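Order of the sequence lines sets the chain letters (A, B, ...), proteins ahead of strands, with each chain counted from 1. Because the structure is predicted, anything quoted here is derived from the model rather than measured.
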2 protein chains.
Amino acid sequence: MTQIFNFSAGPAVLPKEVLAQARDEMMDWHGAGMSVMEMSHRGKEFMSIAAEAEADLRELMSIPSNYKVLFLQGGAHSQFSMVPMNLLRGKKSADYLDSGIWSKKAIDEAARYCQVNIAGSSKDKNYTYAPSQVALKLNKDAAYFHFTSNETIGGVEIFDVPKTGDVPVVCDMSSHILSRPMDVSQYGVIYAGAQKNIGPAGLTIVIVREDLIGETIAGTPTMFDYKIHADNESMYNTPATYGIYMAGLVFKWLKAKGGLAAMEKINIEKSSLLYDYLDASDFYHSPIAVENRSRMNIPFTLKDAALDESFLKQAQQNGLLQLKGHKLVGGMRASIYNAMPIEGVKALIEFMQSFAKANA
Amino acid sequence: MTQIFNFSAGPAVLPKEVLAQARDEMMDWHGAGMSVMEMSHRGKEFMSIAAEAEADLRELMSIPSNYKVLFLQGGAHSQFSMVPMNLLRGKKSADYLDSGIWSKKAIDEAARYCQVNIAGSSKDKNYTYAPSQVALKLNKDAAYFHFTSNETIGGVEIFDVPKTGDVPVVCDMSSHILSRPMDVSQYGVIYAGAQKNIGPAGLTIVIVREDLIGETIAGTPTMFDYKIHADNESMYNTPATYGIYMAGLVFKWLKAKGGLAAMEKINIEKSSLLYDYLDASDFYHSPIAVENRSRMNIPFTLKDAALDESFLKQAQQNGLLQLKGHKLVGGMRASIYNAMPIEGVKALIEFMQSFAKANA
């Protein structure tokens, strides 16, 4: 069988070693006589799994002790409401950076709860770059500043945390969390759906500074209150136990790989291979400004869109899956998360070369 | 190794055959070259998994075509808010049956959004029976009537759907859905967390009559709007894909067992074995009214609570796990969901007999 490489934007490729361990432990976790899926979330076995997952994530990201780590459900979409519901704290407005489709979703939901100030936008160039720090129109009375540090669909990554003074920074890191070291202390809230760089869909990680927890707007569902989950160590209700277990295995895998600094080196190497090839090619094109090119999600176009379908079909025949770009931007997209081996990127480039040659 | 039987109230035992299939398919689902966890939720492989899971659930429960089946996240706790947020539809109050700890949680959350009328309560006898149909004080202007058809902690099951005229019936079936046939057409909304009789924690199933969908109260988060999920076939955001896959395997397992009528027979047999033993014993006691005894969650006490700890310890040594009753009611609790084989119930009774003899 052809070796398969899965370039899906999410749910996405997971480390083979992690999947193999999950398979081996499926029927009996560490002699407990049961699957992790069958464990009471309040039993000592699962409590140890959850505690270890949190400890490993804290170590990987160097999360300061005044931050809570929450293992929630509902994805980034739920955070789009939870953020204003928890962070407005009596204020009337929030600043949002408009850098693409995902930030737009966050903006639309927040606008239902407060006045949203667009602190900067790259809409003028179809979201192919990130509004720079210089251009930001910040609002001193904003309850918080929100940005999407990696636009999964657009392929735009923001490498510097915007400076906002005393206004807490909130960040949707869904599609590049754990891809490189991030200085957590620069953020008020970090959130991420698991299904790209962490584990299976259905788990959402929220990292929140303690002083921002505790005041919600009227009508906030109890399940949308950070304080409820923080006070109950993410066990107010039954959490996505298997997702936490899988995330824990991924955290161990990352530690074994050398942690986030090591991952960053690998991710620079992998993404550079592909960007260098795109830039050298007349056949393919990356539309993204060089300084904002995502190391995780790499959209590109063919010189003739009429060839798209045949590109995708032949790619699939060569074991290169899920390369179709999002319908809102078209073209192709290669998502090369932590778990994508460099061999996958090399195989993709090799195929792209031969396809370009055959269709020159 | 001793055979293990897991009596956890949830997350709970899953069918061994289902876990074995999940293990075998972990690295490569049906030749797709990837794990189900790695599949895009919008790819044809996962779409087929989700469609088949829904079709099988519809078949098992004979769900009429004017009901939507939603695969959501957030557990019953999220439904406690979603139900009033979606079902009040301009009305000011809702009727709730107060039959135990879980119905109380639903009541407390609903009271944040509307006036809650307690249509009946069994608090007078410490929730050891279900308020009968005769005793219900129904309110004609209620937006809906809510009850918890199986109290997981109390062990109280309601076998007849309360008659409420034109007022839609909303039911939390988390801990006994799929344990017997239910006439879905008698309900407006049925909801259930998956982690008892369906699959892994993190998946929530909502079955909702179409005419009840579409009007939410102001401030409802988009993710709490049934219409959003119904219109997008549970793919508005990334659903708990692996949970849906596992639930689908459980549905197939139930169909192979003969469906819900066959399961009911088995569940009557299993639960009768234990209740008959409890009733015949002077050493153990079931506090629950005979007509409301749950077939899924069976709490019982020892004649001397000082023996509880030694009972639990010896049970564990005999491979009988998670028998401790909920801290709010004390004593023991054996949860014997669909996936608990009759051998587990027999092993439990055998152990109980020998423990009673040794401590007579």
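- Counting non-hydrogen atoms of other residues, nucleotides and ligands closer than 6.0 Å to NZ of B/Lys252 gives a total above 12.
- Neither the backbone nor the side chain of B/Gln79 comes within contact range of chain A; no heavy atom of the residue lies under 4.5 Å from a heavy atom of that chain.
- With respect to chain B, the highest number of heavy-atom pairs below 4.5 Å among A/Met27, A/Met82, A/Met34 belongs to A/Met27.
- In this structure, chain A has no heavy atom under 4.5 Å from any part of B/Leu72.
- When each of B/Asp24, B/Asp108, B/Val36, B/Thr220 is scored by its heavy-atom pairs under 4.5 Å with chain A, the top score falls to B/Thr220.
- Between atom CD of residue A/Glu45 and atom CG of residue B/Leu321 there is a gap of 7.5 Å, rounded to the nearest 0.5 Å.
- Heavy atoms from other residues, nucleotides or ligands lying under 6.0 Å from NZ of B/Lys105 number more than 12.
- We find the CE-CZ distance between B/Met26 and A/Arg23 to be 9.0 Å, quoted to the nearest 0.5 Å.
- When each of B/His77, B/Arg42, B/His41, B/Gln322 is checked for heavy-atom pairs under 4.5 Å with chain A, B/His77 comes out on top.
- Looking at B/Ala76, neither its backbone nor its side chain comes within 4.5 Å of chain A, counting heavy atoms on both sides.
- Near-neighbour residues of residues 7-15 of chain B relative to chain A, defined by a heavy atom under 4.5 Å from a heavy atom of that chain, comprise B/Ser8, B/Gly10, B/Pro11, B/Ala12, B/Val13, B/Leu14.
- Contact of A/Lys44 with chain B is made through the side chain alone, with heavy-atom distances under 4.5 Å.
- Considering only heavy atoms from C-beta on, B/Pro221 comes within 4.5 Å of A/Met85 through its side chain.
- Exactly one residue among A/Val18, A/Leu19, A/Asn6 makes a side-chain contact (heavy atoms from CB on, under 4.5 Å) with B/Ser35. That residue is A/Leu19.
- Only the side chain of B/Arg112 comes within contact range of chain A, with at least one heavy atom under 4.5 Å from a heavy atom of that chain.
- Of the atoms belonging to A/Ala20, heavy atoms from both backbone and side chain fall under 4.5 Å from chain B.
- Annotation for A/Glu309: atom CD does not count as buried by contact number, only 12 or fewer foreign heavy atoms lying within 6.0 Å.
- In this structure, the portions of B/Lys16 lying under 4.5 Å from any heavy atom of chain A include both its backbone and its side chain.
- Across B/Ala194, B/Ala339, B/Ser40, the residue that shares the most heavy-atom pairs under 4.5 angstrom with chain A is B/Ser40.
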For residues 234-250 of chain A, please give each side-chain donor-acceptor pair under 3.5 Å, one per line with the distance, not counting sequence neighbours.
unit_1	atom_1	unit_2	atom_2	d
A/Ser234	OG	A/Phe71	N	2.9
A/Thr238	OG1	B/Gln195	NE2	3.3
A/Tyr245	OH	A/Glu25	OE1	2.6

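- Residue with the most contacts toward chain A among B/Gly319, B/Gly74, B/Ser78, B/Pro200: B/Gly74 (heavy-atom pairs, distance under 4.5 Å).
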